[in-house]
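First the structure, in the form of structure tokens, and then the observations on it.
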There are 2 protein chains.
Amino acid sequence: MPEVLEAPAAATMLDDHGAHAPRTNAAGRLLAVLDAFGPRSRALSLSEISRRSGLSLSTTHRLVHELLSWGALERDTNGRYSIGVRLLELAALAPRGLDLREAAFPILDDLHHRTRGNVHLGVRNGLEVVYVEAIRACATHPTNGRIGDRWPMHATGTGLVLLAFADRDLQEEALSRPLERFTPLTITDPAELRRKLAQVRQSGYAVAVGQITLPDLVVAVPVYDPFGDLAAAISVVVEAARAKPQVLVSMLGDASGEITRRLAAQSGQRLVRSMPRVRGFAGGHGVPATA
Amino acid sequence: MPEVLEAPAAATMLDDHGAHAPRTNAAGRLLAVLDAFGPRSRALSLSEISRRSGLSLSTTHRLVHELLSWGALERDTNGRYSIGVRLLELAALAPRGLDLREAAFPILDDLHHRTRGNVHLGVRNGLEVVYVEAIRACATHPTNGRIGDRWPMHATGTGLVLLAFADRDLQEEALSRPLERFTPLTITDPAELRRKLAQVRQSGYAVAVGQITLPDLVVAVPVYDPFGDLAAAISVVVEAARAKPQVLVSMLGDASGEITRRLAAQSGQRLVRSMPRVRGFAGGHGVPATA
DNA sequence: ACAGCGCTTCCGCCGGGCGAAAGGAAGATG
DNA sequence: CATCTTCCTTTCGCCCGGCGGAAGCGCTGT
């Protein structure tokens with residue numbers, strides 16, 4: 001385990017992911033309650049929340065009920081607590097969240113049907129990717145890729161793209177911490193990863209094999225907002241055996257451009273010229289294909 | 001320019017929807033900051049948040065930065081604040097939220113492609129419906145129906161279903177408050193609505209015309225969880241002219257059953273027998289497709 | 001230059017909230 | 001049936017975290 005670099009003072013947080021240290025700050029206590037919930041723990045009893053947040057039972061009790069009456073938490077039939085729809089309503093307002101999804105969805109759906117692969121729309125958050133949309137081919141790939149999933153950047157297609165086009169010091173920070181291994185093929189060597197990123201930066205897209213799930217190949221490209229800034233990345237995951245990477249790159253390139261266009265339409269913004277472009281794919285006249 | 005009113009101390013909540021009064025409670029202040037955001041105000045400056053929440057500027061400042069460092073808020077390039085992806089991550093954990101969406105999506109997507117209509121998945125929250133998924137036919141129906149949208153129950157297909165099968169006293173509460181009118185056809189008479197609900201209860205589905213958008217017809221059916229409890233409602237909206245309600249009812253009935261089955265599979269639950277059923281449609285062998 | 005606005009920081013006083021502890025409900029174990 | 005455990009709920013007094021007034025700063029527009 002790496003020592004904590006951010007010096008968050010000592011604390012006893014049992015967070016599901018790993019970080020955060022809201023400590024004895026007032027608002028922090030409220031957030032600690034929310035932090036108690038995670039993918040592995042969607043429904044918690046009061047005392048579980050208390051233990052996980054490190055707050056006394058009575059404090060937890062009051063806070064939980066405050067959140068309850070506001071709608072941030074709900075109580076199921078067993079008396080356990082879970083995240084409430086009010087939070088979904090709020091989250092839907094995130095410009096980089098379901099808003100982005102809204103613009104991208106039809107294109108991603110189309111991509112999904114044409115490639116029969118898993119399609120992801122991811123944005124960078126800190127040093128990780130968060131999926132804002134994920135369309136899965138029926139049964140394959142058990143739980144991989146859901147909305148709200150958070151993954152390290154080095155092992156995902158979208159992450160590689162987002163990292164490659166991020167600030168240099170952010171890249172360095174990402175490279176300087178331990179790179180988790182998911183399969184024998186996962187890139188965990190900083191030098192190799194650095195080479196990979198350069199390649200992504202140069203070609204304008206990422207292709208990777210078996211980084212998280214073994215028999216799979218992922219292709220990812222960046223998505224730009226109407227101002228020409230990197231907004232997100234989209235990827236398609238298919239079985240490596242039946243993959244035609246160049247075709248996928250081309251389709252993704254078209255899709256990315258289309259999403260940017262729809263983002264512009266949505267916000268009433270005018271497109272900025274000279275948008276970065278995917279190389280090795282003659283921009284523009286992709287197969288339109290409506291369902 | 002309006003003179004600075006100096007925050008009249010009393011509750012000056014300018015909530016986007018209408019209610020809530022968190023007032024001087026501690027946690028309430030934090031939530032008031034979040035409440036400042038709404039569909040009409042996704043990006044706010046600090047002082048806007050301050051005004052909307054009724055909190056002093058310095059308090060707002062501190063709270064906002066606390067939320068910022070936790071990831072609940074993000075700061076865009078103009079320095080304005082908006083909802084952050086961390087909240088999306090949290091919201092994705094809601095059992096009645098994106099979790100439910102996850103199970104329902106393939107079925108809804110299929111429904112969308114077969115009917116070419118707008119498909120909604122809604123759950124009840126208080127006296128309103130919140131959409132957990134919404135798939136829109138391309139350009140039609142401008143902004144109607146997005147994830148996280150909140151609508152009164154009496155005017156939406158999903159709402160009618162959810163209300164019809166809710167507790168009697170909840171129905172009464174909903175009927176006892178003013179029923180907003182959206183079009184000349186919107187049902188706003190409690191007596192008429194009561195009749196409508198009885199009809200929905202009896203038939204097992206709802207059909208309504210022009211409740212929110214004029215030339216449209218909506219068909220909705222309930223969705224049950226594996227325990228046989230009402231979990232959500234799904235609906236399809238199409239132009240009234242080209243609608244074949246009975247076909248839609250049949251397709252929706254099948255879809256609903258399928259969603260329940262997937263929910264069961266997802267949670268490892270066994271299906272409870274004797275699930276309520278959509279009447280006037282011989283369960284199971286629905287007419288496949290018409291496009 | 002000045003004025004107006006919005007963001008940030010500081011600080012002292014005050015009251016909201018913390019947590020120990022006790023009470024209560026419900027289930028497990030003997 | 002008694003007892004033990006676990007979890008939830010409520011109360012209460014003391015204390016310290018946080019509230020907000022005010023001042024400082026950096027914009028932008030006239």
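Sequence lines set the chain letters: A, B, ... in the order given, protein chains first and strands last, and positions in each chain run from 1. A quick note: this is a predicted structure, and the numbers were derived from the prediction, not measured.
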When rounded to whole Å, the CG to P distance for the pair A/Leu73 and D/dC8 reads 14 Å

Rounded distance in Å - CG (B/Leu57) to P (D/dA23): 15 Å

Distance below 4.0 Å between A/His61 side-chain N/O and D/dT9 OP1 or OP2: yes

In whole angstroms, how far is the P atom of D/dG21 from the CG atom of B/Leu55? 12 Å

Between P of C/dG6 and CZ of B/Arg80, the distance in whole Å: 11 Å

Starting at CG of A/Leu46 and ending at C1' of C/dG24, how long is that distance when rounded to a whole Å? 15 Å

Considering every strand and a 4.0 Å limit on heavy-atom distances, what is the contact class for B/Ser47: base, sugar-phosphate, or nothing? sugar-phosphate

Taking the basic N atoms (NZ, or NE/NH1/NH2) and the acidic carboxylate oxygens, is any pair closer than 4.0 Å for A/Arg146 and B/Asp99? yes

Answer yes or no: does a side-chain N or O of A/His65 lie under 4.0 Å from OP1 or OP2 of D/dT9? yes

I'd like to know if the side chain of A/Ser56 pairs up with that of A/Thr59 as donor and acceptor (distance under 3.5 Å, no hydrogens or angles considered). yes

Enter the distance from B/Asp149:CG to B/Glu128:CD here, rounded to the nearest 0.5 Å. 11.5 Å

Are any non-hydrogen side-chain atoms of A/Trp70 and B/Asp35 less than 4.5 angstrom apart? yes

What integer distance in Å separates B/Arg75:CZ from C/dG6:P? 14 Å

Between B/Thr59 and D/dG20, is there a side-chain N or O to OP1/OP2 distance below 4.0 Å? yes

Can you tell me the distance, in whole Å, between the CG atom of A/Leu30 and the C1' atom of C/dG16? 14 Å

Please determine if A/Glu74 and A/Arg86 form a salt bridge, counting it only when a charged side-chain N lies under 4.0 Å from a carboxylate O. no

Let's see if you can work this out: which of C/dG16, C/dG19, D/dT9 has an atom nearest to the side-chain heavy atoms of A/Ser56? C/dG19

Between the side-chain atoms of A/Ser58 and the base atoms of C/dA20, is any donor-acceptor pair under 3.5 Å? yes

Whole-Å distance between C/dG6 C1' and B/Leu44 CG? 14 Å

Starting the side chain at C-beta, find the nucleotide from C/dC7, D/dT9, D/dG17 nearest to A/Arg29. D/dG17

